Amino acid sequence: MTALGCSTTDLACARSKSVDEVLVAQSTANTKALVDDKWTTWALVERPTINGDLIKEEFSALVKKGIYNRDADIMWGAVKDEAGLLSHARPNDPDAVRNLFTKVGTDYYFLCPLRYLSRQMSKNKPTYNFRFNRGRDTPLDGGSYCSASTGRVCHSADIQPVFGSGATVPGFSQTGDDDDARLAHQVMDRFSNFAKTGNPNPQPSQYGVERTNADVGGLNWLFYGDNNPIVELNVQSSMSPNAENDICTWADAVFLYDFWTRIPGNLP
């Protein structure tokens, strides 16, 4: 609000600003936050605030109490190196150090919490989990550590496959025959089928282009169950039971998640 030139309680002032003014203020606020908190990156500055009104409680606590839309169909996931974009790397650190932080951050903040939440939510409705094992470069990745050429799939690398937007970002292209386009077709067909039916698997009696995609029809995407299945999205996708099971079991039992320990009465 200060970066917008408004007092902290003047919503009318904030709402009067243009989109460009808000974006500039956001960048200014991010820069100031990074001066104060050198341990983080810009991608972790903007986080939801539990205000008791719009967001009444921490999400895991709401799930535990069943206070969420239990009629909603659920499909969610992450990319395999999600924390790579969020890991703060000092100039002299070798990639091995950042690789370790990326692995730990991805499992602890993304994959393992999703496993815990999926176990709770799948009691009410089928829940489908995914992990991107292939991605596409975006301006966010900076073209270095998180570049697709390294084999890493960092935060934001799923944007182009999900929306088939390989030709919409300057400097990037996507043809109809390459593997990137093939993955994008598969992902869009899966996601659109889920949006229409609540199931990412096209059914024999169903109309639509999804049924004609061999990459989609050739794999039955299992909903979440006792063996924690997730689909590994790639040119040739596959199902993984109990992905990172040892790490997540240790986090569940020993290390514990901060959303458990910070909130009284939220331990499982």
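Given the structure is predicted, the values throughout are model-derived calculations rather than measurements.
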Let me see the working for Asn199 and Asn201 under side chain to side chain donor-acceptor pair (under 3.5 Å), right down to the final yes or no. CA-CA 5 Å; Asn199 187 335; Asn201 301 297; 3.1 Å; yes
Report the C-alpha distance between Val231 and Asn129 in whole Å, list the side-chain angles of each, state the deciding distance to 0.1 Å, and finish with yes or no for side-chain contact (heavy atoms from CB on, under 4.5 Å). CA-CA 6 Å; Val231 70; Asn129 287 37; over 6 Å; no
Checking Asp95 against Arg152 for the salt bridge (charged side-chain N to carboxylate O under 4.0 Å, His left out) test, could you report, in this order, the C-alpha distance in whole Å, the side-chain angles of both residues, the deciding distance, and whether it holds? CA-CA 12 Å; Asp95 276 356; Arg152 299 184 182 96; 3.8 Å; yes
Take Met75 and Phe191 through the side-chain contact (heavy atoms from CB on, under 4.5 Å) test and state the conclusion after the steps. CA-CA 9 Å; Met75 180 177 70; Phe191 283 25; 3.4 Å; yes
Salt bridge (charged side-chain N to carboxylate O under 4.0 Å, His left out) between Arg211 and Asp189, intermediate numbers included: CA-CA 9 Å; Arg211 286 184 57 238; Asp189 283 348; over 6 Å; no
Give the intermediate values and the outcome of side chain to side chain donor-acceptor pair (under 3.5 Å) for residues Ser118 and Trp76. CA-CA 9 Å; Ser118 296; Trp76 55 8; 3.0 Å; yes
Test salt bridge (charged side-chain N to carboxylate O under 4.0 Å, His left out) applied to Arg190 and Glu210, step by step: CA-CA 7 Å; Arg190 286 282 195 188; Glu210 297 88 353; over 6 Å; no
Before you tell me yes or no, could you show the steps for Tyr145 and Asn99 under side chain to side chain donor-acceptor pair (under 3.5 Å), namely the whole-Å CA-CA distance, both residues' side-chain angles and the distance that decides it to 0.1 Å? CA-CA 10 Å; Tyr145 179 82; Asn99 290 345; 2.6 Å; yes
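For Asn266 (side chain) and Phe259 (main-chain N/O), a donor-acceptor pair under 3.5 Å exists by modelled atom type. Without hydrogens or angle criteria, Thr28 side chain to Ala3 main chain gives no donor-acceptor distance under 3.5 Å. With hydrogens and angles disregarded, a donor-acceptor distance shorter than 3.5 Å links the side chain of Glu58 to the backbone of Ser60. In this structure, the side chain of Asp81 does not engage the main chain of Cys154 through any donor-acceptor pair within 3.5 Å. The backbone N or O of Ile230 sits nowhere less than 3.5 Å from a side-chain atom of Ser240 that would complete a donor-acceptor pair. Using modelled atom types, no side-chain atom of Asn213 and backbone atom of Gly217 make a donor-acceptor pair closer than 3.5 Å. A donor-acceptor distance shorter than 3.5 angstrom exists from the side chain of Ser16 to the backbone of Cys13, with no hydrogens or angles considered. For Asn227 (side chain) and Gly225 (main-chain N/O), no donor-acceptor pair under 3.5 Å exists by modelled atom type. Asn51 places a side-chain N or O within 3.5 Å of a backbone atom of Leu54 that can act as its donor or acceptor partner. The main-chain N or O of Leu117 is never found under 3.5 Å from a side-chain atom of Gln120 such that the two would form a donor-acceptor pair.
Figure legend: Arg119 and Tyr224 shown without cation-pi pairing, the cationic atom not lying both under 6.0 angstrom from the six-membered ring centre and within 45 degrees of its axis.
If you chain together hydrophobic residues whose side chains sit under 4.5 Å apart, Leu111 and Phe132 never meet in one group. Both Tyr109 and Tyr257 sit in one connected hydrophobic cluster of ILVMFWY residues. Membership requires side-chain heavy atoms under 4.5 Å apart, directly or through other members. Cluster annotation: Trp250 is connected to Leu114 through the hydrophobic network of ILVMFWY side chains, with a link wherever side-chain heavy atoms come within less than 4.5 Å. Residues Leu4 and Leu11 do not share a hydrophobic cluster, clusters being chains of Ile/Leu/Val/Met/Phe/Trp/Tyr side chains in contact below 4.5 Å.
For Arg15, the CZ atom counts as loosely surrounded, since its 6.0 Å shell holds 12 or fewer non-hydrogen atoms of other residues, nucleotides or ligands. Around atom CD of Gln236, no more than 12 heavy atoms belonging to other residues, nucleotides or ligands sit under 6.0 Å away.
Of the options Gln186, Glu232, Arg134, a side chain to side chain contact (heavy atoms under 4.5 Å, CB included) to Ser237 is made by Gln186 and by none of the others.
Looking only at atom types and distance, the side chain of Tyr68 has a donor-acceptor partner in the side chain of Asn124 under 3.5 Å away.
The shortest heavy-atom contact between Ala14 and Cys6 is N-SG, 3.6 Å. Between Leu267 and Trp260 the shortest heavy-atom distance is CD2-CB, 3.6 Å.
A salt bridge does not link Asp71 with Lys125: none of the charged nitrogens is closer than 4.0 Å to a carboxylate oxygen. Checked for salt-bridge contact, Glu244 and Lys103 meet the test: a charged N lies under 4.0 Å from a carboxylate O.
Aromatic pair Tyr128/Phe130: centroids not less than 6.0 angstrom apart.
Here the CZ atom belonging to Arg115 is positioned 10.5 Å from the CD1 atom belonging to Ile247, to the nearest 0.5 angstrom.
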